[in-house]
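What follows is a single structure, written as structure tokens, with notes after it.
Please read all numbers here as calculations on a predicted model, not as lab measurements. Chain letters run A, B, ... following the sequence lines, proteins first and then strands; every chain starts at 1.
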Number of protein chains: 2
Amino acid sequence: MPAADQPTTERGEQTRQRIVDAALELFEERGYAKTTMRAVADRAGVSLGNAYYYFGSKDHLVQGYYERMQAAHAEAARPALAGRTLLADRWVACEQAFLDVAERYHPFAGRFFAVAAEPSSPVNPFSDDSRPARDASIDIMRDVVTGARVKGDARLLTELPDLLWLAHMGLVLHWVHDGSPGQRRTRLLLRRTAPLLERLVGLSRLRPLRSSVHELLDLVADLRDGELDGSDDPDGAADAPGPAAAAPDERD
Amino acid sequence: MPAADQPTTERGEQTRQRIVDAALELFEERGYAKTTMRAVADRAGVSLGNAYYYFGSKDHLVQGYYERMQAAHAEAARPALAGRTLLADRWVACEQAFLDVAERYHPFAGRFFAVAAEPSSPVNPFSDDSRPARDASIDIMRDVVTGARVKGDARLLTELPDLLWLAHMGLVLHWVHDGSPGQRRTRLLLRRTAPLLERLVGLSRLRPLRSSVHELLDLVADLRDGELDGSDDPDGAADAPGPAAAAPDERD
DNA sequence: GTCTATAACTAGATAGAC
DNA sequence: GTCTATCTAGTTATAGAC
């Protein structure tokens, strides 16, 4: 298939950008389902076939969305964190920055999420292909933690950026399903969860909790070894089923 | 138009069942994407148009899969729970029963999961359409809890079935992305998480945790009011709503 | 009013020429 | 890299049979 990743020439890169721009515009105007590949190609000034040269499928277009969102969040988070020293405050500021930059895309974020949720998808957040974006996102979380004055179990604090990234994924999951105006319910969830986070981290040093926390951290580490995702290969378990038969590759 | 819910006649119900059977067979044989509606109709011995009379879209066929999975899980869970009195044991038995009955569908469960993850999808587990299946699933969890001899905060115990259902969803999320043979990693996660669950429930009565637990329960209740999903338009497009016919709806 | 079937339409995706 | 022509399959319209 075509160069879904890095177009080779200067001109190609421009064309690719034009297609992403057109797609995002149309997604915002009329939503994902109502945006046809033909319309995207038209607005980008290319032929239908040419659009498919750059993007293997309509779903691949959401990759552009993902990258921009990611960058916008990082940019918005930095100033929002400035001057805050409480872990809970920094966490809230970070996630509110996300909710703010993401709000305009909420109407069609569900589709993006569904595409990303598929294990075999290159944009699934746990995949190897997504490692750069994931690492960038975890960097934001590391910033949240290191800039805070917190006391807590040392090992927990080390792992906290990764855990906050998981929490971020959870918040996004709620956000995507949140039909309340301005995603007010997700903001509520965030504000009222944050103090609990702070308190739990504080309690992590105390006797009754510490051993449980360590068990949990051990488990996370064990699961991570042998890679986060484990899948990726279309069907790594192509062994189980019938005898002959083709090797039907669910791919799409 | 399409009687997606309850076919009215005996014969209709049979036809509906034949279509579900055919669809599940084909999904197992060649996966979701490679199964066409035409093939489903053919195998079921009905016309294409007829298949659409019963199922509003290809995605709706997935609901049949969920219902059966659900029923199979309930059936497998009951004997597995018999004789166990420890909460952690019961929880593990319940979820292992799920992993066992679901294993054969794992190769294409990712696709189904992606379909279900979409907020506007009728099969998304938080939607109104899924309430029957969800309630049935929560009933299993209630069985897990009520059959156990546990001490814990009273309010927490009341909400525990709902919370365990959420935990179940989380396990499924991990399972879907788990490429290890026999989904071994998910089983590991389950076994090592269960004791923590038991301990946390036990600790929920103690001073440092109790107030946090109550705050969490309050939050969950608040989020649930105003409905679980918050979906835009559960199924408004199914019946002609108002004046004009066209109800442009971002079905996605 | 409850079902069933045929034909047509739309849009995602591919093939192959330039 | 880009195009035009074409294929495929989800979906809809509609006519008619129990």
*Go through A:Y105 and A:F27 one step at a time and tell me if the ring-ring contact (aromatic ring centres under 6.0 Å, His included) criterion holds.*
CA-CA 9 Å; A:Y105 302 114; A:F27 290 165; 9.8 Å; no
*Mapping B:T15 and B:R38 to their closest nucleotides on DNA chain C, which lands nearer the 5' end?*
B:T15
*Among the nucleotides C:dA5, C:dA11, D:dG10, which one has an atom lying closest to any side-chain atom of B:V46?*
C:dA5
*Out of C:dA5, D:dG10, D:dT2, which nucleotide sits closest to the side chain of A:Y54?*
D:dT2
*In whole angstrom, give the distance that lies between atom CD1 of B:I19 and atom C1' of C:dT4.*
11 Å
_Any heavy-atom pair between the side chains of B:N124 and B:E118 that's under 4.5 Å?_
no
*Choosing from C:dG12, D:dC3, D:dG10, which nucleotide comes nearest the side chain of A:N50?*
D:dC3
*Specify whether B:F112 and B:Y66 have parallel, tilted or perpendicular ring planes, treating 30° as the upper limit for parallel and 60° as the lower limit for perpendicular.*
tilted
*asked:* Rounding to an integer number of Å, can you tell me how far A:M37 CE sits from C:dT14 P?
replied: 10 Å
*Starting at atom CG of B:L48, determine the distance to atom C1' of D:dT14, rounded to an integer number of angstrom.*
14 Å
*What is the distance from CD of A:Q14 to P of D:dG1, rounded to the nearest Å?*
12 Å
*Report, as yes or no, whether the 6.0 Å neighbourhood of atom CD on A:E75 holds more than 12 heavy atoms from other residues, nucleotides or ligands.*
no
*Check the distance between D:dA17's C1' and B:Y53's OH and give it to me in whole angstrom.*
13 Å
_Output the rounded distance in Å from NZ (B:K34) to C1' (C:dA13)._
14 Å
_Option passing salt bridge (Lys or Arg N to Asp or Glu O under 4.0 Å) with B:E29 (candidates B:R43, B:R104, B:K34)_ = B:R43
*To the nearest angstrom, how far is B:D59 atom CG from D:dA9 atom P?*
17 Å
*asked:* Base, sugar-phosphate or nothing for A:S47? Non-hydrogen atoms, less than 4.0 Å.
replied: base
_Output the rounded distance in Å from CZ (A:R30) to P (C:dA11)._
10 Å
*Tell me what B:R11 touches on the nucleic acid: a base, only sugar-phosphate, or nothing, going by heavy atoms under 4.0 Å.*
sugar-phosphate
